[in-house]
S.K.: 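Below is the structure I would like to discuss, written out as structure tokens.
As the structure lists them, so they are numbered: ligands from 1, and atoms in each ligand from 1. What's counted below: heavy atoms across the whole structure, side chains too, no hydrogens, waters or symmetry copies.
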Amino acid sequence: MLVTAKEMLEKARDGKYAVGAFNINNLEWTKSILLTAEELRSPVILGVSEGAGKYMTGFKTVTAMVKAMIEELKITVPVALHLDHGTYEGCLKCIEAGFSSIMFDGSHYPIEENVEKTKELVAICREKGMSIEAEVGSIGGEEDGVVGMGECADPDECKRIADLGIDMLAAGIGNIHGKYPANWQGLSFETLAAIQEKVGNMPLVLHGGTGIPEDMIKKAISLGVAKINVNTECQLSFAAATREYIEAGKDQQGKGYDPRKLLAPGAEAIKQTVKEKMEMFGSVGKA
Ligand code: 13P
């Protein structure tokens with residue numbers, strides 16, 4: 001069933017585990033994630049970036065696909081359909097398209113502007129019964145070939161945003177999207193602890209889940225992280241399995257070129273990655 005992220009994250013925060021938010025990019029991706037969540041009895045969040053939404057011919061198409069898949073595959077675990085790193089306009093579109101949750105990423109605005117825009121979106125989400133995530137301190141990552149180290153959010157700014165009535169807060173603690181560079185300093189637990197002290201019970205969100213070592217994941221969960229976003233790791237495992245299939249010449253054997261056969265190893269690889277993450281995050285059996 002399609003639900004908001006709010007209740008699942010409050011349960012996760014109290015139970016000291018985290019719910020995985022896995023980005024979906026196409027039908028295979030979505031199906032693999034949903035089937036794995038159902039098999040492991042884990043709640044799950046399907047993240048959709050604006051780029052992926054456009055690729056899948058718009059947010060309304062995504063909502064229809066996810067709802068139909070939940071019904072056809074008989075998925076009974078809680079599923080949230082969530083906009084990942086949304087712009088203000090993107091948030092409005094997803095609200096209209098029937099998403100159950102949005103993220104407004106106002107981290108690149110001056111704090112006053114982030115506060116104003118977040119406040120407006122909180123009011124709309126309250127009215128519609130949707131959940132909303134906000135961000136303070138931008139998450140690093142590769143842009144134009146330059147890998148930026150993640151920022152550390154200001155705990156006081158985190159409190160200002162948390163007090164607006166959001167349901168979950170993404171705060172930069174040195175995390176970055178994509179692969180971590182060899183000289184990465186690791187997560188700043190000092191910053192995370194300071195943020196948690198300011199925002200109290202607010203479920204915290206850790207972006208850039210790809211490649212974060214298990215001990216850091218566990219420590220982050222102990223300090224209030226209840227949602228962990230993973231994207232690149234599913235992309236990497238999908239690409240590796242597809243490459244292996246082609247390099248073994250399987251697409252040239254019989255009807256191995258049939259896209260249903262060609263995409264199958266990648267879809268299986270995503271299931272394995274999602275399973276490993278759900279086990280690491282502790283969400284298995286928590287549906
Ligand atoms: P990764 O691609 O590094 O796993 O990050 C995913 C993410 O945080 C999406 O918002």
S.K.: Any ion pair linking Lys275 and Glu279 (charged N to carboxylate O, less than 4.0 Å)?
M.R.: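 Salt bridge present between Glu279 and Lys275.
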S.K.: Salt bridge or not between Lys219 and Asp215? Use side-chain N to carboxylate O under 4.0 Å.
M.R.: no
S.K.: Between Lys6, Glu10, Glu133, which is the residue that forms a side chain to side chain contact (heavy atoms under 4.5 Å, CB included) with Met168?
M.R.: Glu133
S.K.: Around ligand 1, what residues show up once you keep those with a heavy atom under 4.0 Å from it?
M.R.: Asn23, Asp84, His85, Ile176, His177, Gly178, His207, Gly208, Gly209, Thr210, Asn229, Val230, Asn231, Thr232
S.K.: One pair to check against salt bridge (Lys or Arg N to Asp or Glu O under 4.0 Å): Glu244 and Lys250. What are the steps and the verdict?
M.R.: CA-CA 9 Å; Glu244 200 182 306; Lys250 291 190 180 161; 5.9 Å; no
S.K.: Answer yes or no: is there an ion pair linking Glu89 with Lys93, defined by an N-O contact shorter than 4.0 Å?
M.R.: no
S.K.: I'd like to know if Lys271 and Glu268 make a salt bridge, using a cut-off of under 4.0 Å between side-chain N and carboxylate O.
M.R.: yes
